[in-house]
Amino acid sequence: MRGFLASSTGVTCAAALALPLAPPAAAATSSAPPATSSTARPGAYAPGGTQSLPLAPLAPLARDRAPGAPGAAEQGLRRSDVRRFSLVGVVWDSPGTELHGRVEVRTRATATGAWSGWQELETHNADHAADPGTPESASGQVRGATAPLWVGESDGVEVRVRAGHKPGSARSAAPLPAGLRLELVDPGKDAPPPTNRAQTRTEPAVLPALPARRKAGPHIGPRPAITTRRGWGADEKLREKGFVYTKKVKTAFVHHSATGNNYRCSQAPSVIRGIYRYHVRSMGWRDLGYNFLVDKCGHVYEGRAGGVSKPVLGAHTLGFNSNSMGIAVLGTYSSKKPSSAALKAIARLTAWKVGLYGMNPRGKTYLKSGGGNLYRKGKKVRLNVISGHRDGFATNCPGTKLYARLGTARSKAAQYQGR
């Protein structure tokens, strides 16, 4: 796997006075800065990039200090001017170390110059990962990370990381992980130009919807329209070459991306490019972790490369990536209900994909655990064919509101299969 930037320490900043600081000279970037020339044609392709900024201990301002908050356990970055970005996350050195505490960011919108309020990042993100002991997890390049947050085009940032108590522990705050860094992701613009005509012919931007394959199998639902990696603008030079497959697809795990709901559906390709770059460049994975993504308007997108009809091994549900697929609904659904369009897209996608492998969306099946915090390695676990991420790992994902609607998705998927 390609080399990645060394991480630094991450932190709690307090809501500070606006300091017009330039980006730290030592801050590393994982790729060249995007083209921002005023002469660039609007909408023209521009490659993305990542700014990786080390966090440092900061004494909290009096007005920001919570009662009893330990000052030494706060790190962050005061308001800083940075190159343009649209997605933000925090990473640290060891993927095996949990961040117990609170991570908050505020950003300055490029269009208006206005600063947002503080927004919280989901800190417990280790449940989205390759299975323990696999080449992807053991590459030595993987980092711990928060979930990424989509903030829209911004050119200023402030971050604070405040240590908290580990569940079940004493009153003293747990130490923050080593090597905390702020990752600012520019997803770039549009799709990269095709390298040759043959590629254009064989890799369309959108795979059209297909009717049910009644002759091939009575219970394979119609394939929905799927925006391919080329369609959402994946830079194939970022990921590792080659593909890794499992044997079949017996279970579909539904996730939410936890990137927030403040996006327009026309921005979904940019959000996906940002998540892709964050998974690969910032977190050290071989490719995007999810097999498919769905936006709130019900559009379906190809995720990890390898073929939409094939059993591509993902990195979406720690311990249960084998013989499964991961579907991420773009957004955060802990308190917000998913759209009916998104639920319909989940149903159509699963009716087709699990149907290819003879699975009933309303049924149950067994998967062998690869190791996690709910089931020991090697244990055979009975799961719904359409499961939520929390069914395989102790996590909030896919959010309470989305998880509560999975029964509807199962029923609709079975109907699409003609059951």
Side-chain angles (χ1 to χ4, degrees), residues 87 119-129 146-150 221 224 226 249 251-265 267-268 271-272 274-275 279 288-301 303-304 314-321 324-354 361-364 367 372-374 383-416:
L87 183 136
Q119 300 182 79
E120 187 173 1
L121 276 63
E122 172 59 55
T123 58
H124 299 296
N125 195 41
D127 44 359
H128 301 75
T146 67
L149 179 69
W150 176 261
I226 300 173
V249 177
T251 301
F253 284 103
V254 177
H255 305 255
H256 66 173
S257 64
T259 47
N261 303 307
N262 190 26
Y263 72 93
R264 300 185 303 274
C265 291
Q267 295 177 308
V271 177
I272 295 170
I275 296 172
H279 281 184
L288 183 65
Y290 308 113
N291 298 102
F292 295 94
L293 302 100
V294 171
D295 67 25
K296 57 189 174 184
C297 291
H299 303 123
V300 178
Y301 303 84
R304 181 164 288 207
H316 49 83
T317 305
L318 181 67
F320 291 99
N321 291 301
S324 71
M325 70 174 183
I327 304 169
V329 182
L330 296 180
T332 304
Y333 298 99
S334 300
S335 57
K336 182 178 178 61
K337 292 181 179 180
S339 67
S340 58
L343 290 171
K344 184 176 180 180
I346 293 170
R348 285 194 177 278
L349 177 59
T350 52
W352 168 68
K353 187 63 182 279
V354 303
R362 273 199 297 237
K364 294 183 180 291
L367 290 182
N373 65 359
L374 279 181
L383 295 162
N384 288 306
V385 170
I386 299 179
S387 286
H389 187 181
R390 63 176 64 180
D391 294 323
F393 198 96
T395 174
N396 176 59
C397 185
T400 302
K401 297 296 186 180
L402 177 53
Y403 186 77
R405 299 302 305 278
L406 293 186
T408 299
R410 295 182 190 108
S411 297
K412 286 182 177 292
Q415 291 173 11
Y416 290 136

side-chain contact (heavy atoms from CB on, under 4.5 Å) against A413, all qualifying residues, sequence neighbours excluded: A347, T350, A351, P361, I386
Aromatic ring pairing F292/W352, orientation class (parallel under 30°, perpendicular over 60°, tilted between): perpendicular
Any residue meeting side-chain hydrogen bond (donor to acceptor under 3.5 Å, both in side chains) with T259, in chain and number order, not counting sequence neighbours: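 side-chain hydrogen bond (donor to acceptor under 3.5 Å, both in side chains) list for T259, sorted by chain: S257.
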Any sub-3.5 Å donor-acceptor pair from N321's side-chain atoms to A129's backbone N or O?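 At least one qualifying donor-acceptor pair exists.
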Scan for side-chain hydrogen bond (donor to acceptor under 3.5 Å, both in side chains) pairs involving residues 336-345, sequence neighbours excluded, and state none if there are none.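 Applying side-chain hydrogen bond (donor to acceptor under 3.5 Å, both in side chains) to every pair that reaches into residues 336-345, excluding sequence neighbours, yields nothing.
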side-chain hydrogen bond (donor to acceptor under 3.5 Å, both in side chains) contacts in which one or both residues fall within residues 401-410, not counting sequence neighbours: D391-Y403
Sequence neighbours left out, what passes salt bridge (charged side-chain N to carboxylate O under 4.0 Å, His left out) with R348? Give chain and number order. none
Taking all heavy atoms of [X] and all of [Y], pick out the closest pair and write down the distance.
X: I346; Y: A409; answer: CG2-CB, 4.2 Å
X: L374; Y: G392; answer: CD1-C, 3.8 Å
X: R304; Y: A315; answer: NH2-CB, 3.6 Å
X: G388; Y: F253; answer: O-CD2, 3.6 Å
X: T395; Y: R390; answer: O-CB, 3.3 Å

For H389 and H128, I'd like to know if the aromatic rings sit close, meaning centre-to-centre distance below 6.0 Å. yes
Has N262 got more than 12 heavy atoms of other residues, nucleotides or ligands less than 6.0 Å from its CG? no
Is it the case that more than 12 heavy atoms not belonging to K296 sit under 6.0 Å from its NZ atom?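 Atom NZ in K296 is crowded, with more than 12 foreign heavy atoms closer than 6.0 Å.
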Can you tell if the side chain of L288 reaches within under 4.5 Å of the side chain of L293, non-hydrogen atoms only? yes
Please table the atom pairs, donor to acceptor, closer than 3.5 Å between any side-chain atom in residues 327-335 and protein atoms at least two apart or in another chain.
residue: T332; atom: OG1; partner: G260; partner atom: N; Å: 2.9
residue: Y333; atom: OH; partner: L330; partner atom: O; Å: 2.9
residue: S334; atom: OG; partner: N396; partner atom: ND2; Å: 2.9

